[in-house]
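Following: one structure in structure tokens, then a few remarks.
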Amino acid sequence: MSSPVRVRFAPSPTGYLHIGGARTALFNWLYARHHGGTFVLRIEDTDTARNTQAAVEVIFQGLRWLGLDWDEGPESADADGPSRGDRGPYFQSRRGDLYRRRLQELRDRGLAYDRDGAVYFRMTREPITIPDRIVGDVLRPLTDREEQDPDWVLWRSDGQPVFHFVNVVDDLEMGITHVIRGDDHLTNTAKHIALFRAFGVPAPEYGHLPLILNEDGSKMSKRDRGAVVTGYQDEGFLPEAVVNYLSLLGWSPADGQELLRTPEIITRFGLDRINRSPARFDVKKLTALHFEHTRRMDPDAYVSLGVEYLRRAGIETGGHDPAYVRAALLTSQEKGKLFSELPLWTDFFFAEDAALVLDSEARAKTLVPAARPLIERLAAAFAAVPEFSAATLEAALKQLATELGIKAGALVQPCRLACTGRLVGPSLYHLLEVLGRDRVAARLSRAAALAVA
RNA sequence: GGCGCGUUCGUCUAUCGGCUAGGACACGGCCCUCUCAAGGCUGAAAGACGGGUUCAAUUCCCGUACGCGCUACCA
């Protein structure tokens with residue numbers, strides 16, 4: 001039996017969580033969860049000028065939103081705050097002693113030396129083969145420059161260790177068994193392997209993920225729309241859908257199923273089914289997955305998330321009966337819209353009858369004088385219904401349409417506008433049932449009065 | 001420039017030498033319908049290019065093109 005899996009995500013706190021970084025985190029997390037291993041979060045905050053506590057918070061927030069919990073790592077964005085795990089500190093800025101000790105170790109072995117005020121690593125002169133679980137074995141010959149001088153800097157003359165060095169020391173000290181990271185690190189891995197050898201320990205297993213590209217195939221950078229995780233939260237995507245979509249970028253399950261909940265992804269995930277080519281990010285497909293997940297999600301979870309997004313839009317539901325709020329939001333669950341669109345679909349439930357805003361364009365088109373008698377007849381028909389339910393309302397409306405010799409739509413549209421203020425929205429009869437007899441009556445009568453020249 | 005990685009429908013992908021190249025999203029048409037959707041049926045749509053190897057290549061090898069990455073006292 002092989003040793004327990006230990007993987008890590010080591011972001012630099014730059015003030016946002018990049019979608020590519022989130023995918024890297026996800027794949028590491030999935031690998032850990034699939035193998036019952038440990039997922040470590042390590043903060044690479046060596047750039048003290050840029051890396052603020054708030055920037056660390058953004059990373060935490062993004063990971064938590066996606067549901068990527070870490071077994072070891074910081075519990076606070078404060079580098080001196082509490083953490084979980086016995087391989088800390090988990091902030092690079094607090095690991096200086098470790099780096100200095102390891103540097104001394106290399107010096108003692110004659111593998112590090114001073115030059116121009118910096119400390120250099122005595123790099124192997126041989127080409128290195130990088131064993132990669134995703135790409136396969138990659139032979140990395142020395143570059144032209146390295147032919148001249150293969151040695152490279154471990155510790156800068158300004159007193160700061162370089163990335164390659166701290167990265168390896170951290171992975172070594174933290175007992176990382178598998179390094180799953182972006183393709184951009186592939187060729188640098190030769191340096192890392194050489195360092196592990198210098199320390200006399202086996203290198204971890206590597207797996208380099210193909211990068212995520214923009215929809216047009218260009219490289220995705222922080223400025224691009226869709227590059228930042230918080231953007232998806234703001235737009236109201238379901239995090240489970242984002243996880244599902246991200247998991248499908250570069251990976252696919254053996255049976256080809258695409259709609260997957262996180263536990264199913266964990267079960268099926270494996271490095272052997274990751275492909276090597278970069279993938280473009282397709283918001284349409286993400287949206288489609290969002291739709292599927294949303295309409296299948298637990299209604300209570302849907303309602304509480306919906307309430308949160310309504311609050312963001314300035315609609316407070318607290319003053320209403322919880323059962324009413326729940327019923328109101330659930331009229332829209334089957335629509336699977338983004339949560340940021342939810343206010344457009346449900347705000348009328350929470351408006352005062354007399355204050356309901358009617359879309360002016362729709363009103364001009366629909367609340368014409370000829371509509372007034374129709375609305376009045378409909379109001380009368382609804383008033384006569386013994387039980388105010390979707391089924392009885394539908395029957396009453398359709399019967400009236402038959403009596404008047406008109407299509408149901410001719411009654412539906414004015415009714416929808418009167419009760420919701422718009423011509424699009426949830427299923428009419430259900431929405432009416434939830435609104436209730438009194439509100440519907442009030443709104444129809446108000447609309448009838450407005451339907452004049 | 002050098003080195004590395006990659007290249008299947010518009011997009012994400014399946015295929016581990018036998019393919020009438022499958023699925024999903026998007027797109028078109030039809031049906032259904034109270035709006036927007038959904039749903040049902042259906043249509044169009046791919047192996048970058050050129051050489052090999054083989055009875056047989058999308059699958060293996062080489063080259064070219066294109067894309068990306070690395071090539072720092074950046075991470």
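Protein chains get the first letters and strands the later ones, always in sequence-line order, with residue 1 at the start of each.
- Only the C1' atoms considered, B:rU13 is 13 Å distant from B:rA21, to the nearest whole Å.
- Closest contact between the side chain of A:L186 and the listed nucleotides B:rA26, B:rA75, B:rC5 involves B:rC5.
- Comparing B:rA57 with B:rG40, their C1' atoms are spaced 39 Å from each other, to the whole Å.
- Within the 3.5 Å criterion, the main-chain N or O of A:I180 finds a donor-acceptor partner in the side chain of A:N28.
- Judged by distance alone with a 3.5 Å cut-off, no donor-acceptor contact links the side chain of A:D184 to the base of B:rA75.
- Salt bridge A:D149/A:R115: present, at least one basic N to carboxylate O contact under 4.0 Å.
- A:Q413 comes within 4.0 angstrom of sugar-phosphate atoms only, judged by non-hydrogen atoms across all strands, and of no base.
- Not a single side chain to side chain contact (heavy atoms under 4.5 Å, CB included) links A:T402 to another residue, sequence neighbours left out.
- With P as the reference atom, B:rG10 and B:rA45 are 10 Å apart, rounded to whole Å.
- Out of B:rC34, B:rA26, B:rU35, the shortest distance to the side chain of A:A408 is found at B:rC34.
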Do any N or O atoms of the protein come closer than 3.5 Å to N or O atoms of nucleotides 39-46 of chain B, and which pairs are they?
none

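- Under the ring-ring contact (aromatic ring centres under 6.0 Å, His included) criterion, the residue pairs touching residues 242-273 of chain A are A:F27-A:F269, A:Y245-A:F281, A:W251-A:F269, with sequence neighbours excluded.
- A straight line from CG of A:L431 to C1' of B:rC36 spans 12 Å, rounded to a whole angstrom.
- Of the P atoms belonging to B:rC3 and B:rA72, the separation is 15 Å, rounded to the nearest Å.
- Relative ring orientation between A:F199 and A:F165 is described as tilted, the plane-to-plane angle lying within the 30° to 60° band.
- Between A:H208 and A:D183, the side chains place no donor N or O within less than 3.5 Å of an acceptor N or O (distance only, hydrogens not considered).
- When the ring pair (Phe, Tyr, Trp, His ring centres under 6.0 Å) test is applied to A:Y309, the partners found at least two apart in sequence or on another chain are A:F339.
- Rounded to the nearest Å, the gap between the C1' atom of B:rU8 and that of B:rU15 is 9 Å.
- Within residues 420-430 of chain A, the residues that place at least one heavy atom under 4.0 Å from RNA chain B are, in residue-number order, A:L423, A:V424, A:G425, A:P426, A:S427, A:L428, A:Y429.
- For B:rC62 and B:rC5, the P atoms lie 10 Å apart once the distance is rounded to whole Å.
- Atom CG of A:L378 is separated from atom C1' of B:rC34 by 12 Å (rounded to the nearest Å).
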Please write out each protein N/O paired with an N/O of nucleotides 12-14 of chain B under 3.5 Å, distance rounded to 0.1 Å.
residue: B:rC12; atom: OP1; partner: A:R280; partner atom: N; Å: 3.0
residue: B:rC12; atom: O2'; partner: A:L248; partner atom: O; Å: 3.2
residue: B:rU13; atom: OP1; partner: A:G250; partner atom: N; Å: 2.8

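- With sequence neighbours excluded, the residues forming a ring pair (Phe, Tyr, Trp, His ring centres under 6.0 Å) with A:H185 are A:F163, listed by chain and number.
- Backbone-only engagement by A:L139 is indicated by non-hydrogen atom pairs under 4.0 Å involving sugar-phosphate atoms exclusively.
- Checking B:rC34, B:rA26, B:rC73 against the side-chain heavy atoms of A:V153 singles out B:rC73 as nearest.
- Under the side-chain hydrogen bond (donor to acceptor under 3.5 Å, both in side chains) criterion, the residue pairs touching residues 436-446 of chain A are A:D353-A:R443, with sequence neighbours excluded.
- Listed by first and then second residue, the side-chain hydrogen bond (donor to acceptor under 3.5 Å, both in side chains) pairs involving residues 330-341 of chain A amount to none (not counting sequence neighbours).
- Atom CG in A:N188 sits roughly 12 Å away from atom C1' in B:rC3 (whole-Å rounding).
- Remark: P of B:rG2 and CG of A:D149 are 21 Å apart, rounded to the nearest angstrom.
- A:R140 contributes no side-chain N or O that forms a donor-acceptor pair with the base of B:rC3 under 3.5 Å.
- A:D132 has no carboxylate O lying under 4.0 Å from a charged side-chain N of A:R276, or vice versa, which leaves the two without a salt bridge.
- Spacing of P atoms, B:rG63 relative to B:rG22, comes out at 32 Å, to the nearest Å.
- Applying the ring-ring contact (aromatic ring centres under 6.0 Å, His included) test to every pair with at least one member in residues 358-378 of chain A, sequence neighbours left out, gives no pairs at all.
- No hydrogens or angles were tested; on distance alone, a donor-acceptor pair under 3.5 Å links the side chain of A:K335 to the base of B:rC36.
- Taking 4.0 angstrom as the limit, A:K398 places a side-chain polar atom (N or O) nearer than this to OP1 or OP2 of B:rC34.
- Residue A:A118 is classed as a base contact, given a heavy-atom separation below 4.0 Å to a base.
- Side chain of A:N244 to main chain of A:E258: a donor-acceptor pair is present (N/O by atom type, distance under 3.5 Å, no hydrogens or angles).
- With both ends at atom C1', the span from B:rG28 to B:rG52 equals 42 Å, rounded to whole Å.
- Shown for residues 154-168 of chain A: residues whose heavy atoms fall under 4.0 angstrom of RNA chain B, namely A:R156, A:S157, A:V162, A:F163, A:H164.
- Among the atoms of the strands shown, base atoms are found under 4.0 Å from some heavy atom of A:W345.
- With contacts defined as side-chain heavy-atom distances shorter than 4.5 Å, the pair A:H290/A:L338 qualifies.
- Residues satisfying the ring pair (Phe, Tyr, Trp, His ring centres under 6.0 Å) test with A:F196, not counting sequence neighbours, are none.
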